[in-house]
Amino acid sequence: MKREIFEYDTFYHFYNRGNNKQDIFVEEKNYKYFLSLISKYLLDVAEIHCFCLLKNHFHLIIRIKSKVEMDEKYHKKIHQPFSNMFNAYTKAINKAYNRSGSLFQEHPKRIKIENEKYFMNLLLYVHLNPVRHKIFDDFKNYPFSSFSIYNSTKPTNLVRDYGLQLFGGKDNFKFQHHESKIIYEGILKEIDEYDN
């Protein structure tokens, strides 16, 4: 099956998980290293608008840059920096933990983000992933997501203006996340009650 190619000036939900659902992050320094590789490899071809790294998978919201914004050397191989990033991370993890073979599932998933409403819902979904997977109760303080960066004024490689603008500012951005968490908690409680 032929994979869809990246399109210029287009938003994507980009995600992947560990091969056979195994962990891709073993300790805190792994998360930090992965984020450093995103900066090293992906910023040449993409803007990063949101991220959340969990033990066995990750989510990114990215915008592939326009042809004019991108160095000509990437025009026929936008995918190459992504491949380089995964290879660099896999090699480092294999060496550090005395393992071999593929770390990630064969092909990362990418879903084109067609409209602003989907972008907003996806931003909430990605930031609330720690709650959804029941690994961290307070998504606001989860250290490996972009939520805290959205609420900071420190310089960052993350593009946060677009998301904040869609939500009508930082206050509504926080409010919508809080409301979505309440909905998530209700759904998770219903699932737990049904399963027991």
Side-chain angles (χ1 to χ4, degrees), residues 12-63 80-111 122-164 170 173-174 176-178 180-182 184-185 188 192:
Y12 290 92
H13 178 199
F14 185 80
Y15 56 102
N16 203 355
R17 66 181 178 188
N19 199 19
N20 296 317
K21 300 181 184 178
Q22 68 187 8
D23 289 347
I24 54 177
F25 305 109
V26 180
E27 52 189 316
E28 186 173 326
K29 67 181 181 179
N30 304 146
Y31 294 91
K32 292 176 179 177
Y33 182 59
F34 189 80
L35 290 172
S36 76
L37 292 179
I38 288 174
S39 294
K40 179 178 179 179
Y41 289 106
L42 300 191
L43 295 181
D44 287 334
V45 296
E47 295 175 343
I48 312 302
H49 285 257
C50 178
F51 67 85
C52 188
L53 313 181
L54 297 151
K55 225 166 167 41
N56 70 350
H57 70 286
F58 70 86
H59 295 272
L60 300 175
I61 298 177
I62 62 173
R63 182 185 74 89
Q80 193 61 53
F82 292 87
S83 179
N84 293 346
M85 179 187 80
F86 288 124
N87 287 337
Y89 186 75
T90 299
K91 283 179 185 174
I93 293 297
N94 284 353
K95 184 177 179 184
Y97 300 100
N98 197 27
R99 67 177 304 280
S100 61
S102 59
L103 179 65
F104 294 95
Q105 281 192 339
E106 188 177 352
H107 297 298
K109 305 286 188 280
R110 53 182 170 233
I111 299 171
L122 188 56
L123 198 74
L124 295 169
Y125 170 82
V126 170
H127 284 155
L128 289 164
N129 234 243
V131 174
R132 179 174 175 255
H133 292 285
K134 300 180 182 179
I135 61 166
F136 212 83
D137 289 336
D138 187 5
F139 73 94
K140 296 186 291 292
N141 294 315
Y142 184 66
F144 308 113
S145 99
S146 53
F147 181 81
S148 62
I149 299 172
Y150 267 90
N151 290 290
S152 171
T153 56
K154 292 179 183 175
T156 178
N157 287 326
L158 188 85
V159 177
R160 52 191 170 199
D161 292 346
Y162 180 70
L164 290 174
K170 204 175 280 190
F173 176 85
K174 291 181 195 175
Q176 292 298 329
H177 277 77
H178 177 72
S180 294
K181 181 177 186 263
I182 291 169
Y184 253 142
E185 287 172 338
L188 292 173
D192 285 343

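Heavy atoms only: backbone and side chains are in, while hydrogens, waters and symmetry mates are out.
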**Request:** State whether the number of non-hydrogen atoms from other residues, nucleotides or ligands found under 6.0 Å of K170 atom NZ is greater than 12.
**Result:**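 Yes.
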**Asked** Is it true that atom CD of E27 has more than 12 heavy atoms of other residues, nucleotides or ligands lying nearer than 6.0 Å?
**Response**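 For E27, atom CD is crowded (more than 12 foreign heavy atoms under 6.0 Å).
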Relative to the ring of [Y], is the ring of [X] parallel (under 30°), tilted (30 to 60°) or perpendicular (over 60°)?
| X | Y | answer |
| --- | --- | --- |
| H49 | Y162 | perpendicular |
| F173 | H177 | tilted |
| Y89 | F34 | perpendicular |

So do [Y] and [X] actually touch side chain to side chain, heavy atoms under 4.5 Å?
| X | Y | result |
| --- | --- | --- |
| L54 | P130 | yes |
| I62 | F82 | yes |
| I24 | N16 | no |
| D44 | Q80 | no |

From [atom1] ([X]) to [atom2] ([Y]), nearest 0.5 Å:
| X | Y | atom1 | atom2 | result |
| --- | --- | --- | --- | --- |
| F58 | F25 | CZ | CZ | 7.0 Å |
| D161 | Y150 | CG | OH | 9.0 Å |
| Y31 | C52 | OH | SG | 9.0 Å |
| S180 | L124 | OG | CG | 4.0 Å |
| Y15 | N129 | OH | CG | 11.5 Å |
| K174 | Q176 | NZ | CD | 14.0 Å |

**Request:** Dump the intermediate steps for side-chain contact (heavy atoms from CB on, under 4.5 Å) on L42 and L60, then the final yes or no.
**Result:** CA-CA 11 Å; L42 300 191; L60 300 175; 4.2 Å; yes
Heavy-atom pair of closest approach, residues [X] and [Y]:
| X | Y | answer |
| --- | --- | --- |
| M85 | Y41 | CA-CD1, 3.7 Å |
| V26 | K55 | O-NZ, 3.8 Å |
| N56 | K21 | ND2-O, 3.3 Å |
| I149 | T156 | CG2-OG1, 3.6 Å |
| R110 | Y12 | CB-CD2, 4.1 Å |

**Prompt:** Testing H13, R160, H127 for side-chain contact (heavy atoms from CB on, under 4.5 Å) with C50, which one passes?
**Reply:**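 The single option meeting the side-chain contact (heavy atoms from CB on, under 4.5 Å) with C50 is H127.
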**Request:** With L35 as reference, evaluate N157, L53, I48, N30 under the side-chain contact (heavy atoms from CB on, under 4.5 Å) test and give the passing residue.
**Result:**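 Of the listed options, the one satisfying the test is L53.
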**Request:** Check each of F139, F51, Y125 against F147 using the ring pair (Phe, Tyr, Trp, His ring centres under 6.0 Å) test, and report the only one that passes.
**Result:** F139
Backbone N/O of [Y] and side chain of [X]: donor-acceptor pair under 3.5 Å:
| X | Y | value |
| --- | --- | --- |
| N94 | G101 | yes |
| S36 | Y33 | yes |
| T90 | F86 | yes |

